Each structure stands twice: as C-alpha cells, then as structure tokens.
Amino acid sequence: YNNSPVVLDAYGTYDFGNGTTVTAGKFLSWLGYEAFDIVNMATYSYANPVAGYIPAWHTGVKVENSTDAYSIGMAVLDSDRPTTPYYKGDGDLNDGVGLEAYFTYKAIKDFTLFAGLAYDSGDAAKTKFLAADLWAQYVYGKFTFAGEYCYGNYDYKHAGSADGYFVLGLLKYQVDEKWAATFRLSNGQDEANNDFTKYTFAPTYSVTKNLDIVAEYSYVDHEGTGENFLGIQTRFKF
C-alpha cells in the first residue's frame with residue numbers, strides 16, 4: 001500500500017494439545033465463504049461488487065477449540081470492520097474494540113456449516129459495525145454446492161443506521177484432474193439501497209499442482225445498468 005511492503009499475517013499460536021489453541025498477533029477474519037487470497041479463489045472476482053460487510057486483517061487475541069464434529073472460536077481485536085484498510089485494523093483499542101466469534105459444524109461427511117459474527121464498538125466517527133455471516137458447503141462426488149448469506153449494519157452516531165446484505169449460490173464441477181468449472185449467482189444491496197445481481201462463469205485449468213489458469217466471464221446488473229467483465233489469470237502457488 002502506498003508502494004510500501006505489507007505483512008498480512010504475523011502471529012504466534014500456542015496449542016494446549018486438547019484441541020484448544022490461543023493465537024496472538026495479526027491475522028485474518030474468520031468470516032466469508034470466498035477466500036481472501038486470490039490463489040484459493042474458485043473464480044477471478046468476488047461475488048459482491050458493491051459493498052463490503054466482511055472484515056479482513058486485524059490484530060488481537062483469539063481462542064479456538066476444535067473437534068471432529070465442530071470448531072468454535074472467539075477473538076478480541078483492535079477493530080473488526082471493513083472500513084479500515086483491508087490489510088490491517090485501526091491499531092488502537094481506545095478507538096473502539098472489535099469482537100468476533102464463529103461456530104463451524106462438520107459432523108456430517110462432506111458437509112460444512114459456518115456461522116460467524118463480527119462487532120466493532122466504534123471508530124473515530126463513533127460508527128458501530130455489526131456483521132453476521134452464514135454459509136454452507138456440500139461436496140458430492142465431482143460437485144461442490146455452496147450458499148452464503150451476509151448481513152451488515154453501520155450505526156452512525158449523528159446519522160442513524162444503515163444496513164445491507166449479499167447472498168450467493170455456487171456450483172463447482174470438477175471435470176477431471178485438470179479442468180473445473182464454477183457457476184455463481186450473487187445478489188445484494190449496499191447501505192444506500194443500491195441493488196445488484198451478478199452472474200459468473202469461471203473455468204479453471206491446472207497446468208501443474210502449483211500452476212492454475214483461471215478465466216471468468218461475469219455480468220453485473222446495477223439498478224438496471226449492465227456491466228460485462230472478461231478476464232484471465234495465471235496463479236502460481238508454492
């Protein structure tokens with residue numbers, strides 16, 4: 001950012017050996033079905049093109065407990081709202097405290113259910129923020145089915161409350177070891193009540209286990225105004 005290097009993750013974890021861990025440092029929010037890091041995305045773009053209700057990186061302490069059937073976690077953070085730069089929180093507990101919690105159910109084979117909450121008690125403008133995120137994924141053979149609903153609310157001290165949401169439905173088909181195709185439909189509304197609907201098709205070709213080529217065609221309808229996008233991306237993982 002501003003031509004300066006950015007370290008996204010910088011944390012240490014202590015494992016108690018009974019499924020419980022404590023982590024302190026800078027780390028990513030638990031919320032969101034789609035990956036923040038591009039190399040793990042099933043598509044080129046994100047489902048929500050108009051408003052962000054999912055926080056990204058922040059600094060704090062989190063506690064998690066995990067078994068074969070579930071995972072649960074809570075975190076106390078310097079901030080937990082998407083209006084800070086995505087790569088860091090606000091760095092100040094005096095400027096509002098962030099809280100985050102999640103629960104993941106995974107007792108059913110190939111099925112995952114996630115529920116998460118993010119809350120920030122206020123920034124310099126005394127803007128409180130709340131987000132609730134719910135998603136589910138089911139893998140059946142070569143097919144992956146997923147759905148997500150996310151709700152966000154900003155509570156402005158002198159301007160009242162504004163909220164919005166987005167939903168997505170995703171189907172991924174793994175044709176063979178090399179080819180996969182992802183179909184996605186998303187819809188939502190930002191705090192200014194602007195609606196959108198987005199249609200996405202993204203084929204992926206795996207050149208090697210470390211190199212993928214992802215193409216995408218998507219169409220976004222913003223309040224009756226259409227926008228087409230066509231792109232291709234090469235991703236190298238190591």
Side-chain angles (χ1 to χ4, degrees), residues 1-41 46 48 51-107 112-137 146 148-155 157 235-238:
Y1 187 76
N2 292 332
N3 298 317
S4 300
V6 173
V7 177
L8 296 178
D9 296 281
Y11 57 83
T13 299
Y14 182 78
D15 189 341
F16 288 89
N18 59 356
T20 300
T21 59
V22 175
T23 299
K26 184 182 178 186
F27 44 79
L28 185 62
S29 169
W30 286 310
L31 275 63
Y33 173 72
E34 294 185 303
F36 278 88
D37 44 341
I38 295 172
V39 293
N40 290 321
M41 287 278 288
Y46 290 99
N48 184 3
Y53 299 112
I54 294 176
W57 279 270
H58 34 222
T59 299
V61 178
K62 61 182 178 179
V63 180
E64 296 179 85
N65 179 262
S66 183
T67 69
D68 292 337
Y70 71 87
S71 295
I72 190 169
M74 297 184 65
V76 179
L77 310 158
D78 63 341
S79 62
D80 204 17
R81 58 184 183 274
T83 51
T84 60
Y86 76 91
Y87 56 90
K88 66 175 184 177
D90 64 18
D92 189 353
L93 289 175
N94 293 324
D95 190 21
V97 176
L99 301 172
E100 193 165 299
Y102 82 97
F103 175 80
T104 301
Y105 178 76
K106 49 188 178 179
T112 304
L113 177 66
F114 173 93
L117 288 172
Y119 175 76
D120 191 282
S121 61
D123 59 8
K126 303 302 180 185
T127 303
K128 297 179 181 179
F129 173 75
L130 172 70
D133 185 46
L134 178 69
W135 61 259
Q137 176 183 277
E148 180 179 23
Y149 173 79
C150 183
Y151 169 82
N153 177 271
Y154 291 93
D155 187 4
K157 182 179 180 181
R235 302 173 179 172
F236 178 69
K237 295 183 284 187
F238 59 91

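The structure displayed is predicted, hence computed values, not measured ones.
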Exercise. Dump the intermediate steps for side-chain contact (heavy atoms from CB on, under 4.5 Å) on Met41 and Tyr46, then the final yes or no.
Key: CA-CA 9 Å; Met41 287 278 288; Tyr46 290 99; 3.6 Å; yes
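- Atom OG of Ser79 is separated from atom CZ of Phe129 by 11.0 Å, given to the nearest 0.5 angstrom.
- Of all non-hydrogen atoms in Phe36 and Pro55, the two that sit nearest each other are CZ-O, 3.0 Å.
- Shortest non-hydrogen contact noted between Ile54 and Pro82 is O-CB, 3.8 Å.
- Counted within 6.0 Å of CG on Asp68, heavy atoms from surrounding residues, nucleotides or ligands total 12 or fewer; the atom is thus considered open.
- Proximity of a side-chain donor or acceptor of Glu100 to a complementary backbone N or O of Trp30 within less than 3.5 Å is detected.
- Test Asp80, Asp78, Thr84, Asp120 against His58 for side chain to side chain donor-acceptor pair (under 3.5 Å) and you get one pass: Asp80.
- Taking OG1 of Thr59 as the start and CG of Leu77 as the end, the distance is 8.5 Å to the nearest 0.5 Å.
- Put simply, CG on Asn48 and CD on Glu148 are 9.0 Å apart, with the number rounded to the nearest 0.5 Å.
- Judged by distance alone, the side chains of Tyr70 and Asn65 do bring a donor and an acceptor atom under 3.5 Å apart.
- A salt bridge links Arg81 with Asp90: at least one charged nitrogen is closer than 4.0 Å to a carboxylate oxygen.
- Remark: side-chain polar atoms of Asp133 are not paired, donor with acceptor, to backbone N or O of Gly116 under 3.5 angstrom.
- Residues Phe236 and Val39 come closest through the heavy atom pair O-CG1, 4.2 Å.
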Checklist line | Intermediate values then yes/no, side-chain contact (heavy atoms from CB on, under 4.5 Å), Tyr154 and Tyr53 | finding: CA-CA 10 Å; Tyr154 291 93; Tyr53 299 112; 4.1 Å; yes
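- Residue Lys128 qualifies as open at atom NZ: its count of foreign heavy atoms under 6.0 Å is 12 or below.
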Decide side-chain contact (heavy atoms from CB on, under 4.5 Å) for Thr112 and Thr104; before the verdict, give the C-alpha distance in whole Å, the side-chain angles of both, and the deciding distance to 0.1 Å. CA-CA 7 Å; Thr112 304; Thr104 301; 3.7 Å; yes
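- Atom CZ of Phe114 and atom CD of Gln137 lie 13.0 Å apart (nearest 0.5 Å).
- Here the straight-line distance linking atom CG of Leu113 with atom CH2 of Trp135 works out to 8.0 Å at 0.5 Å rounding.
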**Q.** Stepwise side-chain contact (heavy atoms from CB on, under 4.5 Å) test for Ser71 and Tyr102
**A.** CA-CA 8 Å; Ser71 295; Tyr102 82 97; 3.6 Å; yes
Could you list the donor-acceptor pairs under 3.5 angstrom formed by side chains in residues 5-16, with sequence neighbours left out?
unit_1	atom_1	unit_2	atom_2	d
Asp9	OD1	Trp57	NE1	3.2
Thr13	OG1	Thr23	OG1	2.8
Asp15	OD1	Gly17	N	2.8

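- Two residues are said to be in side-chain contact when any heavy atoms from C-beta on lie closer than 4.5 Å; Val63 and Met74 fail this criterion.
- To the nearest 0.5 Å, atom CG of residue Leu99 and atom OH of residue Tyr119 are 8.0 Å apart.
- Listed here is the closest heavy atom pair of Asp37 and Asn40: OD2-ND2, 2.6 Å.
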